[in-house]
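This report refers to the structure that appears directly beneath it.
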Amino acid sequence: MKDSLPQTLEAGVQAAISELYAADGAAQTITLQATRKEFEGEFTVVTFPLTRVAKKKPDEIANDLGVYLKEHIAEVADYNVIKGFLNLVIKDEYWKQFLLDEAAVDGFGQAPKNGETVVVEFSSPNTNKPLHLGHVRNILLGWSASQLLEMAGYDVKKVQIINDRGIAICKSMLAWQLFGEGATPESSGAKPDHFVGGYYVQFEQKFQEEYKQWQQTDEGQAVFQKSAKEGLTPEVFFKGYSKKYFNDYSKLGEQAREMLLKWEANDTEVRALWGKMNGWVYSGFEETYAALGVNFDKLYYESNTYVLGKDMVDKGLEMNVFHTREDGSVFADLTNAKLSEKTLMRADGTSIYITQDLGTARLRYDDFGAKRMLYTVADEQNHHFATLFELLKRLEEPYAAGLYHLSYGMVDLPSGRMKSREGTVVDADDLMKEVIHEARLVSQERASTQGLSQEDQDAIVQQIGMAALKFHIIKVGPQKRMTFDPKESVDMQGQTGPYVQNAYVRTRAVWRKADEKGVDVDLSLAKDYTNLAPAERELINQLYGYPELVKTAAESYDPSLIAMFCYELAKNLHKFWHDHSILSAETPAAVAFRLQLCKAVGNTLQSGMGMLGIQVPERM
RNA sequence: GGCUGUGUAGCUCAACUGGAUAGAGCACUUGACUACGAAUCAAGAGGUUUCAGGUUCGAAUCCUGACACGGUCACCA
C-alpha cells in the first residue's frame with residue numbers, strides 16, 4: 001500500500017530538515033494539519049516548533065521547506081507562507097486520480113477485516129416499562145459505535161443484557177394481578193410494553209396512596225416522632241423515608257417482596273406470570289427496535305446471569321486478590337487504585353450486582369472470544385465500571401485490557417432532568433411518531449414526492465423523520481450531557497439529518513437526469529478534466545479524509561465525528577451545486593468529472609449516514 | 001466533604017487534541033427559484049471561551065486556585 005499524503009509530506013519535511021539544516025530530521029515530530037479554509041492549499045506545516053533545530057525564523061524555514069517540497073515531492077504543486085505557516089497546494093492530477101480510482105469506487109472507506117472481534121453492549125433495558133429518550137441516546141450511540149467498528153475492520157457482536165428480574169417487574173406483576181382483571185394487550189389495544197409499564201405506574205400510585213394514609217396512622221406518627229431529626233417537617237421527613245417504608249411497613253411492598261421470593265424459589269405460578277408479562281414487553285421492545293432500525297446478535301437475560309460470577313470470586317480468592325471477612329463476606333481492596341473497598345459476596349453467600357458483571361464478562365469472552373468489549377452505559381455509572389474493570393484486570397482476565405466504558409452524558413429536557421415520577425419522561429415510541437408526523441407535514445407541503453406510491457411516500461417520510469431525530473442526538477459528542485428540545489429535534493433545515501439527506505438526493509437526481517438525457521454522457525472523459533474549481537478541490541479533499549476519519553472515530557468510539565463530517569460534506573455539496581452546473585457544464589469532460597464527483601460524494605454520504613443508522617432516500 | 005465531569009454567541013453544539021482573525025445551525029435582519037430539486041445558496045448582526053493567576057513563539061485547550069451546575073462515593077440494581 002502506498003503512503004498517504006500526510007505521510008509523504010511528513011517524510012518530505014523530515015528529509016528537508018536533514019538536508020537543509022544538518023539536523024536529524026527523522027527525530028522531529030512534524031506538525032501537519034489541514035489548511036484553514038481562508039487560505040490557499042490543503043495541508044499546512046507549522047514551522048514554529050522547528051526554530052530550535054533550524055536556528056532560523058519561522059518564515060524563513062517555511063520558505064526553505066516550501067522550495068524543497070515543491071522540488072522533491074511530486075504531489076506538491078505550489079506553496080505559500082503566511083506568518084510561519086507553510087501551506088501546501090496539491091496537484092490537480094493527484095486529486096483527480098484519487099477521486100476516479102478510489103473515492104468513486106464502491107466500498108470506499110471500508111477497511112479490510114482485521115480478524116478481531118469486539119462485543120458492543122447497548123440498550124439493556126428493564127422490563128417493567130417502555131423505552132424512553134435516555135434509551136434512545138444509548139441505542140443510537142451503541143449502534144453507531146458498532147457500525148463504526150465494523151467499518152474499521154472489526155467483527156462486531158451486538159449484545160444487550162435485559163434486566164428481566166427483580167423488584168421492579170414484580171411491582172408490575174403484582175399490580176396486574178391486583179387491578180388488571182385479566183386484561184391483556186390485545187384486549188386493551190395497547191402496545192404491549194406500554195401495557196405492562198402502565199401497571200408499574202399504577203403500582204407506584206397505589207403505593208403512594210397507601211403511604212399517605214399510613215403517615216396519618218399512630219404507627220406512622222410514632223415513626224416520625226422517633227426517627228425525624230429536630231426541626232424536620234413531616235413532608236420532608238416522609239419524602240426521604242419512602243424506601244424504608246416500602247421495606248418495613250408497606251403492605252404492597254410486602255406483597256411485592258413476597259413475589260420476588262417466590263420467583264427466586266421458582267414458584268410455578270409466579271414464573272408463569274413473569275414469563276407472560278415479560279413476553280409482552282419483549283414484543284413491544286421488538287417493535288421499537290425495528291422502528292429505530294437496530295438489532296442484536298445475542299441477548300443476555302439477567303435471570304440467567306445473576307447467579308454468575310461465583311467462580312470468578314473463587315478465582316480471586318485463590319489468586320489472593322480477594323479476601324474474606326470475619327462474617328464470611330468477600331471483598332477486594334481497591335484503595336491503592338483510588339477506588340474503595342468493594343464487596344463481592346454477601347456473608348450469606350449470595351452475589352451482588354458487580355459479581356454478576358464479572359461473570360457476564362467472562363461468559364461473553366467464552367461466547368465470542370472477543371478481546372475487546374464495549375459497554376454503552378450512562379456516565380452515572382462511571383465509578384461502577386472503573387471498579388469492574390479494575391477487578392477484571394486484577395483477575396488477569398485475557399480481555400481485561402480491551403474493556404471500555406462508552407460513557408455518555410444523560411439527556412435533559414429544556415425543563416430539566418427527566419423524572420419518571422413526575423411524568424416528564426419522553427417515551428421513545430411517542431417521540432418517533434412525532435418526528436415522522438412532522439416530516440409528513442413538511443413533505444406534503446413540498447409535494448416533491450407526488451406521483452410515487454403511497455407506500456414509497458410513507459417510507460420516505462419515515463426515513464426523513466428518523467434522520468432528523470437520530471442526527472440531532474448523535475451530532476453531540478457522547479461525553480456531553482445534552483439538552484434535548486423536542487421542537488429542535490424535528491427541525492429539517494440547517495444542521496440536520498434531512499439537510500444531509502437532501503444533499504444525497506441531489507447527487508442521485510443529477511444521475512437520474514443524466515440517464516433520461518440519454519447516452520451522450522461519456523464517463524471516461526472525466527480523466528481529461530483540468531483546472532479544478534475551489535469547490536471541487538474542497539469536496540475531493542474532504543473525501544480524502546474520510547477513511548482516516550473512520551479510523552479515528554472508531555478508535556475514540558465517537559460517532560459524532562461522523563455526523564459532523566457528513567454535515568460538512570453535504571454543505572460543500574450544496575455549495576458546489578449552487579456554484580456549478582453539472583449536466584450543462586462547459587465541456588463533456590467537466591460533465592463526466594462532476595458526475596463522478598457527485599457519485600463519490602453520494603456514496604460517502606450514504607456510507608457515513610449508514611453508520612449512524614440513518615438511511616438516505618433517492619427522493620424526498 | 002473525597003473522587004469525577006461540564007462551563008464557549010440569546011439557544012443547541014463545534015474547534016483536527018497546544019496553532020493562524022474561536023466556527024456552524026437555530027432564532028433575528030436582508031437578498032437569490034423561467035437554470036441538474038429553494039429541506040438550498042449568499043450577506044448582516046451576535047464573543048473578555050465563568051473568573052484570577054501561571055507555563056511559551058502561541059492557551060478555549062496544559063498547570064494552580066476560586067466560582068457555578070451535574071454525577072458518584074451500598075453487603076441496591
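Letters go in sequence order (proteins before strands), and every chain restarts at 1.
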Between [X] and [Y] (side chain of the first, backbone of the second, donor and acceptor by atom type, cut-off under 3.5 Å), is there such a pair?
X	Y	value
A:Q457	A:L452	yes
A:W274	A:W263	no
A:T355	A:G309	no
A:Q7	A:S4	yes
A:S443	A:A439	no

Applying side chain to side chain donor-acceptor pair (under 3.5 Å) as the test, list every pair that has at least one member in residues 584-600 of chain A; sequence neighbours left out. A:Y529-A:R594, A:E536-A:R594, A:S581-A:S584
Name the nucleic acid region contacted by [X], choosing base, sugar-phosphate or nothing; use a 4.0 angstrom heavy-atom cut-off, strictly under.
X	value
A:I464	base
A:S329	base
A:R417	sugar-phosphate
A:G84	nothing
A:W511	nothing
A:I352	sugar-phosphate
A:N87	base
A:V505	base
A:M482	sugar-phosphate

Check the pair A:K575, A:D579 against salt bridge (charged side-chain N to carboxylate O under 4.0 Å, His left out), reporting the backbone distance first and the verdict last. CA-CA 6 Å; A:K575 182 170 172 51; A:D579 290 352; 3.4 Å; yes
What I want to find out is whether [X] reaches [Y] closely enough, with some N-O distance under 4.0 Å, to be called a salt bridge.
X	Y	answer
A:K37	A:E42	no
A:R440	A:D458	yes
A:K129	A:E204	no

Which whole-number value in Å describes the distance from [X] [atom1] to [N] [atom2]?
X	N	atom1	atom2	result
A:R481	B:G71	CZ	C1'	7 Å
A:M418	B:G71	CE	P	13 Å
A:N247	B:A74	CG	C1'	13 Å
A:H384	B:C75	NE2	P	13 Å
A:I82	B:A20	CD1	P	13 Å
A:H405	B:G5	NE2	P	14 Å
A:K243	B:A74	NZ	P	12 Å
A:H472	B:A14	NE2	C1'	14 Å

Does a side-chain N or O from [X] land closer than 4.0 Å to OP1 or OP2 of [N], or not?
X	N	result
A:K342	B:C75	no
A:R506	B:A38	yes
A:K575	B:A42	yes
A:Y499	B:G37	no
A:K338	B:U4	yes

Under 4.0 Å from any atom of RNA chain B, heavy atoms only: list the residues of residues 44-55 of chain A that qualify, in numerical order. A:T44, A:V46, A:F48, A:P49
Looking at residues 588-600 of chain A, who's got a heavy atom less than 4.0 Å off RNA chain B? none
Side chain of A:E380 (C-beta onward), nearest among B:A14, B:A20, B:U72: B:U72
In terms of side-chain heavy atoms of A:L583, which of B:G19, B:C73, B:C36 is nearest? B:C36
Position toward the 5' end of RNA chain B (nearest nucleotide), A:Q479 or A:D485: A:Q479
5'-most by nearest nucleotide on RNA chain B - A:N382 or A:R446: A:N382
Decide yes or no on side chain to side chain donor-acceptor pair (under 3.5 Å) for A:D379 and A:Y408, but give the supporting numbers first. CA-CA 5 Å; A:D379 61 5; A:Y408 61 91; over 6 Å; no
Every stem of 3 or more Watson-Crick or G-U pairs under 3.5 Å that RNA chain B joins, in order of first number, is B:1-7 with B:67-73, B:10-13 with B:23-26, B:28-32 with B:40-44, B:50-54 with B:62-66
Any donor-acceptor N or O pair under 3.5 Å, side chains A:D357, A:H384: yes
Distance alone, cut at 3.5 Å: any donor-acceptor contact between the side chains of A:Q542 and A:N572? yes
Using 30° and 60° as the class limits, which term best fits the ring planes of A:F246 and A:F203: parallel, tilted or perpendicular? perpendicular
Distance to the ring centre below 6.0 angstrom and angle to the axis at most 45 degrees; does that hold for A:R165 and A:Y306? yes
How far does the [atom1] atom of [N] sit from the matching atom of [M], given to the nearest Å?
N	M	atom1	value
B:C63	B:U6	P	11 Å
B:C16	B:G7	P	13 Å
B:U48	B:G53	C1'	16 Å
B:U30	B:G23	P	26 Å
B:C11	B:G47	P	12 Å
B:G46	B:U55	P	34 Å
B:U49	B:A59	P	12 Å
B:A43	B:C51	P	31 Å

Does a distance-only test, which skips hydrogens and angles, find a donor-acceptor pair under 3.5 Å between the side chain of A:D327 and the base of B:C75? yes
Taking donor-acceptor contacts at under 3.5 Å, does the side chain of A:S448 reach the base of B:G37? yes
Walk me through whether A:N138 and A:T376 qualify under side chain to side chain donor-acceptor pair (under 3.5 Å). CA-CA 7 Å; A:N138 180 304; A:T376 314; 5.0 Å; no
What string of B, S and - do you get for nucleotides 23-35 of chain B 5' to 3' if you count protein non-hydrogen atoms under 4.0 Å? SSSS---------
According to salt bridge (charged side-chain N to carboxylate O under 4.0 Å, His left out), who are the partners of A:D64, at least two apart in sequence or on a separate chain? A:K56
What about the rings of A:F385 and A:Y404, do their centers lie closer together than 6.0 Å? no
